[in-house]
2 protein chains.
Amino acid sequence: MPPNNRSNPLALAVLSCLYERPMHPYEVAQTLRHRAKHESIKLNYGSLYNVVEGLEKRGFIRVTETVREGRRPERTIYEVTETGSREFIDWLSALITTPVKEYLQFEAALSLLPALPPGEAAALLRERINELEHRLNFSKLTMDNMRKAGLPRLFGVENEYVEALMQAELDYVRNLVKEIEGGTLEGLEMWQHWFEGDTDKRPPPPTPEL
Amino acid sequence: MPPNNRSNPLALAVLSCLYERPMHPYEVAQTLRHRAKHESIKLNYGSLYNVVEGLEKRGFIRVTETVREGRRPERTIYEVTETGSREFIDWLSALITTPVKEYLQFEAALSLLPALPPGEAAALLRERINELEHRLNFSKLTMDNMRKAGLPRLFGVENEYVEALMQAELDYVRNLVKEIEGGTLEGLEMWQHWFEGDTDKRPPPPTPEL
DNA sequence: TGACAATTACTCCAGTCCGAGTATTCTATG
DNA sequence: CATAGAATACTCGGACTGGAGTAATTGTCA
């Protein structure tokens with residue numbers, strides 16, 4: 001099994017660069033950095049060279065030439081193949097049409113929330129609200145600057161998307177805090193009782209299902 | 001460096017189970033499954049046993065006993081330690097207060113969207129809208145059933161959260177399609193021109209920045 | 001001009017993750 | 001009652017990730 005079966009989006013990003021013109025891996029990295037793609041796609045050197053190797057093994061890219069300038073380390077230049085181009089378009093299309101389940105850390109945390117006493121939980125959630133507000137503001141300022149620098153919105157859609165998600169999270173958390181503190185969250189009483197007698201600070205065993 | 005420095009949320013889930021009572025790893029897995037936590041926290045056996053080993057090495061859990069029933073494979077039962085309990089609460093609290101940057105596949109895809117011709121992109125996004133609508137509906141039905149089965153909302157907050165994100169994504173994508181098809185997306189003309197002359201289907205080099 | 005930092009272009013490898021595989025026991029069905 | 005399938009309880013190896021390390025070159029500022 002050649003490595004890299006559409007698991008790491010970095011491979012997609014590499015294809016996207018080579019789809020424009022042949023490059024050596026380090027130049028791919030620079031390009032992605034300059035275009036701020038590394039904020040949407042995790043990029044580090046170990047993975048990069050690994051992914052490139054994988055793409056080569058699967059026939060999606062091939063070596064054009066290896067050159068040496070002065071006594072700099074050798075640079076291996078790659079180009080995309082015919083099948084590589086098709087893979088790029090197919091993969092990108094698939095990512096757009098079909099949502100994939102992502103395991104978010106906050107989702108995990110929420111699923112374990114009842115392990116904390118309700119008051120504590122509300123306090124922590126308030127902190128998150130603060131953080132989210134700051135980050136959203138910062139993100140919006142950054143976007144404004146990009147626009148002012150002449151970059152059309154088209155090239156910022158991924159940021160707009162992330163902002164939309166942040167806003168939704170903010171709304172949800174704000175409401176959750178209100179429901180905990182206002183006592184309107186279904187199951188709250190049970191939750192509170194669990195931490196009343198300090199018999200043993202064990203969290204409630206949420207009833208199984210299915 | 002002992003493995004597992006708060007990178008894998010599965011370790012948090014393991015702690016949460018042992019925080020209730022001692023168990024063997026397989027029972028941890030069963031418990032998480034029955035409580036549907038595996039929908040919020042990626043769970044597979046390789047990782048599970050790895051993570052347990054890591055937690056033991058770091059002193060967060062310890063072996064209570066190993067028993068053998070009949071000729072079944074041996075079961076190693078673990079319990080959480082004092083420092084383990086503290087780690088659990090600290091880690092969970094940190095996840096709640098501080099958002100972490102997640103690299104979403106769709107975010108990656110959006111950042112490469114200009115590689116596709118605008119009409120194509122809009123069509124693919126429409127497909128996603130359809131998928132999202134179906135999944136949202138399904139999720140809502142599932143939640144309804146859980147509620148009807150007597151599970152209070154408190155134990156479904158992680159699903160409510162995910163639904164909120166899906167709804168936000170749906171709204172964003174709907175609007176994006178409208179802007180592409182209505183011609184109001186800034187940068188659209190450049191995008192269209194790029195694919196007009198079928199000179200060479202190369203995507204536009206998005207202007208670098210910073 | 002000399003020295004210190006940043007950049008270029010990788011390599012290396014210790015973790016980590018993942019999923020197929022294994023071997024036994026319970027369970028349901030004709 | 002026999003047998004297929006699910007459940008129990010893991011093991012193992014290969015793939016993948018991430019980040020420190022390397023070694024030369026170019027910029028930079030006193």
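Predicted, not measured: the structure shown is a model, and the values here were computed from it. Chain letters run A, B, ... following the sequence lines, proteins first and then strands; every chain starts at 1.
Spacing between atom CG of B:N44 and atom C1' of D:dG13 amounts to 14 Å, rounded to whole angstrom units. What separates CD of A:E53 from C1' of D:dG14 is a distance of 14 Å, to the nearest Å. Following rounding to the nearest Å, B:R6 (CZ) and C:dG15 (C1') show an atom-to-atom distance of 19 Å. In this structure, the CG atom of B:N50 is 16 Å from the P atom of D:dT17, given to the nearest Å. Following rounding to the nearest Å, A:L48 (CG) and C:dT8 (P) show an atom-to-atom distance of 14 Å. One interatomic measurement links the two molecules: CG of B:L55 to P of C:dG15, which rounds to 16 Å at whole-angstrom precision. Following rounding to the nearest Å, A:Y26 (OH) and C:dT11 (C1') show an atom-to-atom distance of 14 Å. Computed from coordinates, the B:Y45 OH to C:dC17 P distance equals 17 Å when rounded to whole Å.
How far CZ of B:R58 is from CZ of B:F60: 5.0 Å, rounded to the nearest 0.5 Å. Rounding to the nearest 0.5 angstrom, the gap separating the CG atom in B:L113 from the CG atom in A:L92 is 7.0 Å.
Residue B:Q30 is classed as a sugar-phosphate contact, given heavy-atom separations below 4.0 Å to backbone atoms only.
Mapping B:E27 and B:G46 onto DNA chain D by nearest heavy atom places B:E27 closer to the 5' end of the strand.
Judged by distance alone, with hydrogens and angles left aside, the side-chain atoms of B:N8 form no donor-acceptor pair with the main-chain N or O of B:A11 at under 3.5 Å.
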In residues 142-152 of chain B, what donor-acceptor pairs under 3.5 Å come from side-chain atoms, sequence neighbours left out?
{"residue": "B:T142", "atom": "OG1", "partner": "B:F138", "partner atom": "O", "Å": "2.8"}
{"residue": "B:R147", "atom": "NE", "partner": "A:E186", "partner atom": "OE1", "Å": "3.1"}
{"residue": "B:R147", "atom": "NH2", "partner": "A:E186", "partner atom": "OE1", "Å": "3.0"}

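At D:dC10, one or more side-chain N or O atoms of B:H24 fall inside 4.0 Å of OP1 or OP2 (strictly under the cut-off). Checking the phosphate oxygens (OP1, OP2) of D:dT17, no side-chain nitrogen or oxygen of A:K42 falls inside 4.0 Å.
Here the nucleotide nearest the side chain of B:P25, chosen from C:dT11, C:dC17, D:dC10, is D:dC10.
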